[in-house]
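As the structure is a computational prediction, the values presented were derived from the model and not from experiment.
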Amino acid sequence: MERLPILKIGQMLLVSIQVDLRDDMVVALQEDLADRIVETGARGVVIDITALDIVDSFTGRMLATMAALSRVLDADTVVVGMRPAVAITLVELGLSLDGIKTALDVERGMRLLSLAGGTAR
Amino acid sequence: MTSEPFGDLIDRCRAAEEDLVRRWRADVAASLRGRVSEIELDKELREILDALLSAVSASDGADTRSSAYGEVRALLVDLSRARALQGFSPRETAISVFALKKAVRDSVGVGPEFVAFSDVIDELGLFTFETYAKAREEVITNQAEQLLELATPVVKLWQGVVALPLVGTLDSARAQVVMEKLLQTLVDTGSEYAIIDITGVPAVDTQVAQHLLKTIVAARLMGAECIISGIRPQIAQTIVALGIEFGDIATKATLADALLLALGRIGVDVTAEMTKRGL
Amino acid sequence: MTAQELPISGDADVVRVRQAVRAAAVEAKLSLVDQTKLVTAASELARNTLTYGGGGGALVEQVQNGLRKGVKAVFHDKGPGIADVAQALTDGFTSGSGMGLGLGGARRLVDEFAIDTAPGDGTTVTVVKWAR
C-alpha cells in the first residue's frame, strides 16, 4: 500500500497530502505520524491539505484524531490550505473540527507553530 | 417512393427556389425591420430551405424529430439563439419559419400535398419557439448571476485584511454567493482577516444569520478570522430574539473599529505606517 | 454521459466512485461548491455501502429537468439493511466507528435524498444534486 510521506523540517513534521485519499492510507498515516513524533521529538505538525478536493467525515475524524494524538505527545498540529469549497462542505456536513488549529498555507502554519513556542524550546 | 405525401412539391420548390427565397426573404425582412442585413438573411434562409427540402425528401414521411431533420434543426437552433440574444421578440423569431408557408403557396401553388408540408413547417416553427424560449431563459439566468456578482464586492483594506460591505436584502441565494466569494478572496489575497460589514443590511432573519455563521466557521477552517461590523440596534435585537449564538465571534460597531482590531491583531503600528507613507 | 455502474468492494473503489461522481458533476456544470458537496456525500454513502452493507455498487448518471442538469447517484447493497431509518439519519448516531455524520450529513449536502431499506433486505440510497 502507498504510504503518505512525512517530512521533517527543523523541529516540525510536514505531511503534504497530494493524492486521492484512501481510507486505509489515512489509518496508516495516523500510525506513522505518532511513530515519527516520538522518534524525532518533533514539537509541531503541519498537515497540508491544499491538494485535497474533498474532506469527508472519515478524513475529518482522522484530522481531529491526529491533532489529539500529537497533543498527547506534546506536539501542536496545524491543518493548512483547506479550500473554500471544502470548508463550506464540512460546515454543511456538521463538522467544525473544534480544537484544530488552521492556517491559510504551509508558511503561515509554520509561523503559527513557532509563535506558539513549538520550536522555540 | 421517397416522398409520397409531398408528391412533387419538393421538386417544384427546387425549380422555383429563386422566387421562393425572394418572397420568403421579403416577408421575414419586413417583420425584422432591417435589423438583420438582407445578405445575411438571404444566406440564412437559403441554408435552411436547402436543408429542409433535403430533409423532407430523405425523411420518408418521418417526423421532424428524426435524424433526417438533424441539419435543419441545428440551423434553426442557431437562428433562434441568435435572435434571442439580439433581443428579437418570439413573434419576430417564429415568423422566419412560418413565413415560408406563404412563400411556397404564392410561388409554387397549393396542392393536396401542401397540407403535409404545412404540418412540417408548423412543427419546425414550434421547435424554433422552444429553442428561443430556452435561450432567453439562459440570458436571464446569466444576468441574474452577474447582478449577484456585482452586488457583492470584496475589497482589500490592508495587506491581510479584506472587507465585504453588504448592502441590501440578503436572501439565501445571495448569502451563498457572498460566502463563496469572500472565502475565495481570502485564498487569493492570502488574507487572514475578513470584515463583514452589515451596516447596509436592513434586516437579518434566521437563515441569513445561519449563513453568516457558516461563513465564519468555514473561514476558521481555512485559517482566517471574520469580524462582523455595523450591527444596527434592530438587528442586534433580532439576533437575540431568534436565539442565534454568535459565541466568540468578534463584533464591532463600525467598520473603522473592526479594521483597527484586525490591524492590531496583525501587529500593524498605525502611527508608524502613517509616518512611513508621509501622511 | 451514459449511466455508469461501479462496484464497491474495497477502499480503492470508494475513490473511484468519488472520481466518477466528480466527472459527472463537472459535465453537468455544477458549481465548484456543489460538486464538492455531491462528491463528499458520495464518499460518505460509498463508505456506508462498503462498511455496513458489506459491499455493493453505485450507479452514477446525469439527469435533466427542463433546463436544469444534475447528477444522480444510487448506492445499493445486499447487506443487513437498516431497522430504524430515522435513527440512522440522526447526527451523532453510529453503529460503526465513524462520527455518525455519514447518512444525515450526506442528506444535507444534496438536493434530493431517498432511502429504501428493510432489515435483512439491503439498502438503496438515491441522491440527486442539481446545477443552480
Asker: What residue in C/Thr40, C/Leu50, C/Asp34, C/Val33 has the most heavy-atom pairs under 4.5 Å with chain A?
Answerer: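 Winner by heavy-atom pair count: C/Thr40.
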Asker: Is it the side chain or the backbone of C/Arg107 that comes within 4.5 Å of chain A heavy atoms, both, or neither?
Answerer: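 For C/Arg107, no heavy atom lies under 4.5 Å from chain A.
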Asker: Write down the atom of A/Leu29, the atom of A/Leu4, and the distance for their closest heavy-atom approach.
Answerer: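 Scanning both residues, the minimum pair turns out to be CD2-CD1, 3.7 Å.
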Asker: Checking C/Gln35 against chain A: side chain, backbone, both or neither under 4.5 Å from a heavy atom?
Answerer: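 It is neither, since no heavy atom gets under 4.5 Å.
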Asker: For atom CD of C/Glu112, decide whether the heavy atoms of other residues, nucleotides or ligands shown that lie under 6.0 angstrom number more than 12.
Answerer: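 Correct, the count exceeds 12.
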Asker: Which atom names give the shortest non-hydrogen contact between A/Leu90 and A/Val55, and what distance separates them?
Answerer: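 Scanning both residues, the minimum pair turns out to be CD2-O, 3.4 Å.
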Asker: For A/Ile49 and A/Val79, run side chain to side chain contact (heavy atoms under 4.5 Å, CB included): C-alpha distance rounded to whole Å, both residues' side-chain angles, the deciding distance at 0.1 Å, then the answer.
Answerer: CA-CA 7 Å; A/Ile49 59 166; A/Val79 172; 3.8 Å; yes
Asker: Highest number of heavy-atom pairs under 4.5 Å with chain C: which of A/Asp56, A/Thr59, A/Ile88, A/Leu21?
Answerer: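 Highest number of pairs under 4.5 Å: A/Asp56.
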Asker: Between C/Val39 and chain A, which part of the residue has a heavy atom less than 4.5 Å away: side chain, backbone, both or neither?
Answerer: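 Contact with chain A involves both backbone and side-chain atoms of C/Val39.
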Asker: For the pair A/Asp74 and A/Arg43, find out whether any cationic side-chain nitrogen is under 4.0 Å from an anionic carboxylate oxygen.
Answerer: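 Salt bridge between A/Asp74 and A/Arg43, a charged N being under 4.0 Å from a carboxylate O: yes.
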